[in-house]
Amino acid sequence: MITMDTIIREGNPTLREVAKEVSVPLSDEDIKLGEEMMEFLHNSQDPVKAEELGLRGGVGLAAPQLDISKRIIAVHVPSGDLENPEPTLSAVMYNPKILSHSVQDACLGEGEGCLSVDREVPGYVVRHNKITLSYVDAAGVKQKIRLKNYEAIVVQHEIDHLNGVMFYDHINQENPYALKDGVLVIE
Ligand SMILES: O=CN(O)C[C@@H](CC1CCCC1)C(=O)N1NCCC[C@H]1C(=O)Nc1ccccn1
Ligand code: NI
């Protein structure tokens, strides 16, 4: 089971590596890893389990954060309203690839954090507002989806991990809250 002890922290060189594509058809090992990554996200968002296991709530996780330099990510974005338990996006993605993106940029009004970064790094992390994404799903089927706003931000944060990029690499050093015209701030 993945716990906070399994997650490597900044300073570990694996977080700065470019991860390798996984072979398709997927190996049992890679399928199992994806399941464990998704289980971590579920546990981390369950108040009882998160408390029990001492987990920080997470909406995404990338294999390099487990010191595994493979192009595998898991995302589980809750809908946000307690009435509707359905997540807005829940998937394990193998070899995810951004095929195209909007001209429109976006960032989270609260900035970003990372389970591999044990400190606050303030500032806007400007990303694409909309992306068209291809990936292989846990059943080994090639998928092509379009995402926007928060879900698009989450997936871009995870794909960054596959390329050795940390969220604070995007923050403007001179003025962390500098924003070009037209960047959508997502609250
Ligand atoms: O690479 C993956 N990571 O580093 C886990 C990150 C991924 C998100 C950061 C910004 C976009 C993707 C993560 O989830 N967080 N960052 C650190 C602490 C908070 C936590 C978070 O945003 N939690 C959350 C949010 C809404 C609902 C439930 N939980
Ligand atoms: Ni992260």
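Excluded from the calculations below are hydrogen atoms, water molecules and symmetry mates; all remaining heavy atoms, backbone and side chain alike, are included. We count ligands from 1, going down the list as the structure has it; atoms in each ligand are counted the same way.
At a 3.5 angstrom cut-off on N or O pairs, Ala62 does not count as close to ligand 1. For the pair Arg56 and ligand 1, the shortest N or O to N or O distance does not fall below 3.5 Å. Taking only nitrogen or oxygen atoms, main chain and side chain alike, His161 reaches within less than 3.5 Å of ligand 1. Close N/O approach between Ser116 and ligand 1 is not found [any backbone or side-chain N/O within under 3.5 Å].
When hydrogens are left out, the protein atom nearest atom 29 (N) of ligand 1 is Val59 CG1, 3.7 Å; that is the closest non-hydrogen contact. The shortest contact between atom 2 (C) of ligand 1 and any protein heavy atom is with Glu158 OE2, 2.9 Å. Looking at atom 17 (C) of ligand 1, its nearest protein heavy atom turns out to be Cys114 N, 3.4 Å. Scanning all protein heavy atoms for the shortest distance to atom 9 (C) of ligand 1 gives Gly113 O, 3.4 Å.
By the criterion of side-chain heavy atoms lying less than 4.5 angstrom apart, applied directly or through intervening Ile, Leu, Val, Met, Phe, Trp or Tyr residues, Val24 is grouped together with Val92 in one hydrophobic cluster. Residues Val154 and Val165 fall into different hydrophobic clusters, defined by Ile, Leu, Val, Met, Phe, Trp and Tyr side chains chained together at heavy-atom separations under 4.5 Å. Under the 4.5 Å side-chain contact rule for hydrophobic residues, Ile72 and Ile7 share a cluster. In terms of hydrophobic clustering, with Ile, Leu, Val, Met, Phe, Trp and Tyr side chains grouped at heavy-atom distances under 4.5 Å, Leu115 and Leu33 are assigned to a common cluster.
Side-chain contact between His101 and Arg127 is absent, with no heavy-atom pair separated by less than 4.5 Å. A 4.5 Å side-chain heavy-atom check between Ser116 and Glu10 finds every atom pair outside the cut-off.
Every atom of ligand 1 with a heavy atom of Tyr150 under 4.0 Å away is listed here by number and element: 25 (C), 26 (C). For ligand 1 and Gly60, the ligand atoms under 4.0 Å from any heavy atom of the residue are 2 (C), 3 (N), 5 (C). Taking every heavy atom of Glu112 and a limit of under 4.0 angstrom, the matching atoms of ligand 1 come to 10 (C).
Among Val77, Leu115, Leu108, Val117, the residue whose heavy atom lies nearest to atom 4 (O) of ligand 1 is Leu115. When the options Ala50, Gly80, Gly57, Ser44 are ranked by their closest heavy atom to atom 21 (C) of ligand 1, first place goes to Gly57.
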Exercise for the section: Start with the C-alpha gap between Leu66 and Met37, add the side-chain angles, then the distance that decides, and say whether side-chain contact (heavy atoms from CB on, under 4.5 Å) holds. Expected result: CA-CA 9 Å; Leu66 308 173; Met37 290 167 71; 3.7 Å; yes

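The NE2 atom of His157 and the NE2 atom of His161 subtend an angle of 100° at the Ni ion (ligand 2), given to the nearest 10 degrees.
Classification of the Phe167-His157 ring pair by plane angle, with boundaries at 30° and 60°, yields parallel. Ring geometry for His42 versus His76: interplanar angle over 60°, hence perpendicular rather than tilted (30 to 60°).
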